[in-house]
Amino acid sequence: MEYPKEILPHSEYKTIDCELTGKSLLRLTNTNKIEEIIDQETGKISIQQICSPKERIDDFSLSLFGVYNTDHINLEFTKEGKQKYMHYCAPDELVEIPIFEVDFYNNAEKLCWFAEVTRFHNIEFQFTMGEDPFTATCIVVHTPMKWNYWHFSLRWLTDAGPLENMEDSQRKKVARRIGHSVRTLISQFATLNLPSATYLPQNCYWKN
Amino acid sequence: MEMRNKVYETNCYPNNFASFIAMYTNLMNAMTNRHTSVQHSSTTPLDTTKQFIKLEQSFKQQLSNNHQFFEGQKDYVLIEKMKISADALLACQPDKISLQVTDEGSIYYTILKNDVALYFEHYLIDEFDGNDEAIATVYKGEKVLFNYGGTLAETIAQLGIALSKFAIELPVFA
């Protein structure tokens with residue numbers, strides 16, 4: 001099995017700088033059992049399929065649906081592969097092609113859900129901290145990784161400053177609110193229905 | 001109902017919890033009375049009791065499968081805390097309600113009523129300021145109608161007030 005080269009960073013790629021309205025994001029589930037992915041009572045995506053416990057929900061990983069698509073969701077990295085490829089990188093970084101059964105293998109026990117970029121990008125949540133109001137704004141950022149150029153992250157801007165600069169108890173409190181906001185956005189808008197594939201114009205990711 | 005009322009007699013909650021429950025019940029009653037002349041919920045008290053039992057069973061099962069999310073916490077305390085938030089939320093007579101435990105040591109409720117979705121998260125561990133914390137978000141379609149985080153009592157009280165403000169848009173959400 002060959003690694004899909006179309007999802008790797010490329011020497012001619014740049015950071016995606018186009019408007020992403022109409023595009024969708026994709027996120028893997030850790031099971032392919034529909035009854036575990038969907039909350040049977042409400043029909044919404046199950047919380048356990050939104051974010052794994054080991055992951056930081058305030059830096060939430062997704063992929064842009066298009067070049068990266070359902071053909072790629074079964075890629076699973078080995079321990080060694082994770083060490084080599086699960087890192088952020090420059091969009092034009094030269095990356096060795098991952099090797100089957102050394103760096104990655106096929107894991108059919110996965111599915112994915114989708115949500116439109118506009119459901120997340122620039123969405124504001126207003127909260128109070130004690131008596132003080134504060135706003136957290138979700139932004140969708142292109143964050144290429146060595147294994148996947150089409151990797152994106154949900155990041156958060158707050159008017160109380162960046163999370164990492166906050167003192168511990170305040171940071172925990174804000175992170176908790178952000179975690180809740182991510183969960184509600186996904187609960188409300190994510191779907192298992194395949195979006196129509198919309199490819200980005202080449203000038204959005206290709207240097208000149 | 002008797003079983004559920006016993007929840008309030010335990011002493012593992014904030015001292016002001018009884019007054020909060022009274023305030024919340026009054027609020028919900030006022031909202032219900034305001035709208036019953038024109039709107040009828042399809043959810044009956046019997047349905048609500050069944051929903052409560054289902055939530056409790058679901059919580060107990062998830063708790064036994066995910067003890068690591070609630071390290072150092074006693075099951076009976078967690079269950080009693082769950083009963084408080086579940087009971088308060090069921091006052092809005094949801095069409096559908098479910099709960100899921102999260103790795104953050106919270107209960108994440110999803111409540112659907114007509115075209116409104118309410119997401120309510122009750123944190124059972126690492127409470128700030130000594131009280132259980134809760135965060136609520138209400139959507140109608142694409143729009144966030146309400147968002148609030150505070151103690152469990154404050155959040156439920158604010159949620160009730162907010163929903164009463166939206167009574168014109170959400171006439172049966174009470």
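So you know, we letter chains A, B, ... as the sequences are listed, proteins then strands, and number each from 1.
- The side-chain tip of Arg183(A) does not point at the ring of Tyr119(B) from less than 6.0 angstrom away and within 45° of straight on.
- A salt bridge is absent between Glu133(B) and Lys173(A): the closest approach of a Lys/Arg side-chain nitrogen to an acidic carboxylate oxygen does not fall below 4.0 angstrom.
- Atom CD of Glu6(A) is surrounded by more than 12 heavy atoms from other residues, nucleotides or ligands within 6.0 Å.
- Between Thr110(B) and Lys44(A), some side-chain heavy-atom pair lies under the 4.5 Å cut-off.
- Between the CG atom in Asp103(B) and the CD1 atom in Ile47(A) there is a gap of 10.0 Å [rounded to 0.5 Å].
- A 4.5 Å side-chain heavy-atom check between Tyr123(B) and His180(A) finds at least one atom pair inside the cut-off.
- Note that CG of Leu99(B) is 10.5 Å distant from OG1 of Thr42(A), once rounded to the nearest 0.5 Å.
- For the set Ser58(B), Ser106(B), Gly141(B), Gly150(B), the count of heavy-atom pairs under 4.5 angstrom toward chain A peaks at Gly141(B).
- Rounding to the nearest 0.5 angstrom, the gap separating the OH atom in Tyr109(B) from the OG atom in Ser187(A) is 15.0 Å.
- Residue Gln158(B): no heavy atom, backbone or side chain, is found under 4.5 Å from chain A.
- In this structure, OG1 in Thr118(A) is found 7.5 Å from CD in Glu142(B), a value given to the nearest 0.5 Å.
- At a 4.5 Å heavy-atom cutoff, the contact between Gln188(A) and chain B is made by backbone and side-chain atoms alike.
- Salt bridge absent: Arg176(A) and Glu121(B) never bring a charged side-chain N and a carboxylate O closer than 4.0 Å.
- Annotation for Lys54(B): atom NZ does not count as buried by contact number, only 12 or fewer foreign heavy atoms lying within 6.0 Å.
- Heavy atoms of other residues, nucleotides or ligands lying less than 6.0 angstrom from CD of Glu71(B) number 12 at most.
- Listed here is the closest heavy atom pair of Asp39(A) and Gln100(B): OD2-NE2, 4.1 Å.
- Judged by distance alone, with hydrogens and angles left aside, the side-chain atoms of Arg177(A) form no donor-acceptor pair with the main-chain N or O of Ile135(B) at under 3.5 Å.
- Other residues, nucleotides and ligands contribute more than 12 heavy atoms inside 6.0 Å of the NZ atom of Lys84(A).
- For Phe189(A) and Tyr139(B), the ring centers sit closer than 6.0 Å to each other.
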